[in-house]
There are 2 protein chains.
Amino acid sequence: MTRNPSIRRPITVSDRQLAERCARGRVVAIDDDAEILLALRALFELEGYACETYDSAVVLLQALSENRPVFPGPCCLLCDVRMPQIDGLELQRRLQELGDVPMLLMSGSSGAPEAASAFRAGALDFLIKPIKAQTLLDAVTKALAVSAQRQQQRARREELAARFNSLTEREREIARRVALGQRNLEIADALGIALRTVKRHRQQAMEKLEVDTLVDLVHVIGEMK
Amino acid sequence: MTRNPSIRRPITVSDRQLAERCARGRVVAIDDDAEILLALRALFELEGYACETYDSAVVLLQALSENRPVFPGPCCLLCDVRMPQIDGLELQRRLQELGDVPMLLMSGSSGAPEAASAFRAGALDFLIKPIKAQTLLDAVTKALAVSAQRQQQRARREELAARFNSLTEREREIARRVALGQRNLEIADALGIALRTVKRHRQQAMEKLEVDTLVDLVHVIGEMK
DNA sequence: GCTCGCTTGGCCCTTTGGGGCAATAGACAG
DNA sequence: CTGTCTATTGCCCCAAAGGGCCAAGCGAGC
């Protein structure tokens with residue numbers, strides 16, 4: 001394991017506090033109104049969430065492109081629609097490939113077309129200013145829950161994919177066929193190899209996939225695709 | 001099999017044509033503007049879809065409560081938001097328990113709040129008048145596709161549930177345990193019965209569920225819940 | 001009382017799965 | 001060139017699943 005060269009300062013107490021907050025949930029707020037950002041930050045931090053604020057989508061995109069490490073945990077975006085240069089909907093489009101961070105949009109002056117676009121593009125909600133604090137918190141809570149679930153799902157898939165990739169090509173082939181319900185003998189005939197060989201690969205595959213029943217194998221293969 | 005007493009007139013040629021259209025897709029349009037309804041009907045029928053029109057949500061609800069038989073096939077609702085008595089959003093709420101018919105809302109005068117409400121309540125899209133014919137057709141095509149998929153899904157589940165219910169209590173119990181990966185002997189011990197008995201029930205269950213491999217059993221049980 | 005379906009279980013045999021032990025052969029990195 | 005990894009296979013043994021044949025106990029309904 002190599003040392004990460006990006007670590008260049010010691011961990012402070014505030015880092016630890018931030019980490020705790022991030023574990024509960026992190027709200028990334030984007031609005032060109034500085035006062036609103038302050039108010040949002042105050043509200044979310046009072047609730048025990050971490051909050052990052054950006055006064056424009058451009059700054060956020062730049063920060064993201066630097067790809068600096070963040071504490072793990074659920075995360076959501078809360079973004080104003082009406083902003084100069086890059087507006088909320090445009091930002092949503094650009095982040096779409098990133099994909100798994102739930103997005104909340106808010107606006108005071110937008111019409112139905114903007115709201116509809118936002119939802120079509122996958123926004124989790126569209127809040128109309130002025131927004132009641134409770135409404136905002138409910139939306140954020142839900143968004144963070146969605147985020148947590150997606151992250152869990154993704155972690156699980158990656159875990160399984162990693163295990164599956166640690167199999168040899170032959171083992172994968174046999175695992176797939178086993179999960180389709182083919183018998184060892186069928187597989188042996190199909191691949192033109194001996195029964196004993198199929199058994200060995202099957203055995204190896206199940207060991208590497210950390211399953212010990214056929215049922216679990218089926219579930220694991222099913223979860224991956 | 002008993003005769004259905006609700007059949008009281010012979011099948012006509014136009015019935016057959018309607019049935020063909022319904023199989024392609026049926027659009028239920030609700031708008032208080034008679035001209036719009038005419039235009040919608042013309043558009044959808046030109047595309048080969050069946051189209052029912054209602055000039056108010058009240059009439060639609062009444063028609064639904066009579067529960068008369070309709071031809072099977074994918075179906076979607078296309079409903080104006082701004083209507084007297086019961087508006088589009090209210091109709092959406094009332095039909096929500098019905099649940100599996102995709103809903104498209106349209107409006108010329110609504111704002112972001114209405115659009116957001118519609119999406120939160122599960123609307124598939126929210127179209128802003130004036131709507132281009134192509135936009136409308138695209139939305140309807142998508143809604144019908146969703147409907148078809150839901151119907152297929154539901155049919156499959158009902159089919160499987162019916163099979164599962166045709167099992168005896170004991171057979172269900174054993175099928176569940178088998179699908180959880182328990183071995184016959186484990187099950188026998190857990191239920192305090194002989195191995196042979198478990199085998200018999202297992203065998204019966206798989207026959208009734210129309211599966212012949214353990215893998216298929218797992219999939220069938222999985223699809224049901 | 002009797003039949004029918006559900007549940008139960010014993011006996012026995014075959015097929016399939018699981019796994020140890022040993023060995024051959026090709027590919028590839030060091 | 002050598003050691004490691006992968007794929008392959010044979011032989012043997014045991015456990016588990018699949019299934020035929022037969023039969024008893026029991027509650028529901030005729």
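This one's a predicted model, so the numbers in the text were calculated from it and none came from an experiment. Here is how names work: the chains are called A, B, and so on, in the same order as the sequence lines, proteins then strands, and each is numbered from 1.
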(request) Report the distance from atom CD of E169(B) to atom P of dG27(D), rounded to the nearest whole Å. (result) 18 Å
(request) Specify the separation, in whole Å, of atom CD1 of I174(B) and atom P of dT7(C). (result) 8 Å
(request) Write down the distance between CZ (R200(A)) and C1' (dG17(C)), rounded to a whole number of angstrom. (result) 14 Å
(message) Here's a test of your reading of the structure: between G192(A) and K208(A), which maps to the more 5' nucleotide of DNA chain D?
(response) K208(A)
(request) Name the closest nucleotide to the N184(A) side chain, picking from dG17(C), dG20(C), dT8(C). (result) dG17(C)
(request) Specify the separation, in whole Å, of atom NE2 of H201(A) and atom P of dC5(D). (result) 16 Å
(request) Give the rounded distance in Å between these two atoms: CG of L195(A) and P of dG19(C). (result) 14 Å
(request) Starting from P on dC5(D), measure out to CD on Q204(A) and report it in whole angstrom. (result) 12 Å
(request) Could you pull out the closest heavy-atom pair between V58(B) and Q85(B), with the gap in Å? (result) CG2-OE1, 3.8 Å
(message) Just to be sure I understand the rule, does R202(B) reach a base, reach only the sugar-phosphate, or reach nothing, if contact means heavy atoms closer than 4.0 Å?
(response) sugar-phosphate
(message) Counting the atoms with a prime plus P, OP1 and OP2 as sugar-phosphate, which does T197(A) contact under 4.0 Å by heavy atoms, base, sugar-phosphate, or nothing?
(response) base
(message) Any side-chain N or O of T168(B) below 4.0 angstrom from OP1/OP2 of dG5(C)?
(response) no
(message) If the test is side-chain hydrogen bond (donor to acceptor under 3.5 Å, both in side chains), which one of H201(B), R202(B), R200(B), K208(B) qualifies with E171(B)?
(response) K208(B)
(request) Under 4.0 Å between any heavy atoms, over every strand shown, what does R196(B) touch: base, sugar-phosphate, or nothing? Just pick one. (result) base
(request) Mind calculating the distance between NZ (K199(A)) and P (dA7(D)) to the nearest angstrom? (result) 19 Å
(request) Please name the pair of heavy atoms, one in F44(A) and one in L136(A), separated by the smallest distance, quoted to 0.1 Å. (result) CZ-CG, 4.0 Å
(message) Can you tell me which nucleotide in dG17(C), dG19(C), dT9(D) comes closest to the side chain of I193(A)?
(response) dT9(D)
(request) Write down the distance between CG (L185(B)) and P (dG18(C)), rounded to a whole number of angstrom. (result) 16 Å
(message) Can you tell me which nucleotide in dG9(C), dG19(D), dA7(D) comes closest to the side chain of E171(A)?
(response) dA7(D)
(message) If you apply the rule salt bridge (Lys or Arg N to Asp or Glu O under 4.0 Å), what do you find for R163(B) with E159(B), and how did you get there?
(response) CA-CA 6 Å; R163(B) 282 188 209 162; E159(B) 158 80 10; 2.7 Å; yes
(request) Sequence neighbours left out, what passes salt bridge (Lys or Arg N to Asp or Glu O under 4.0 Å) with R94(B)? Give chain and number order. (result) E90(B)
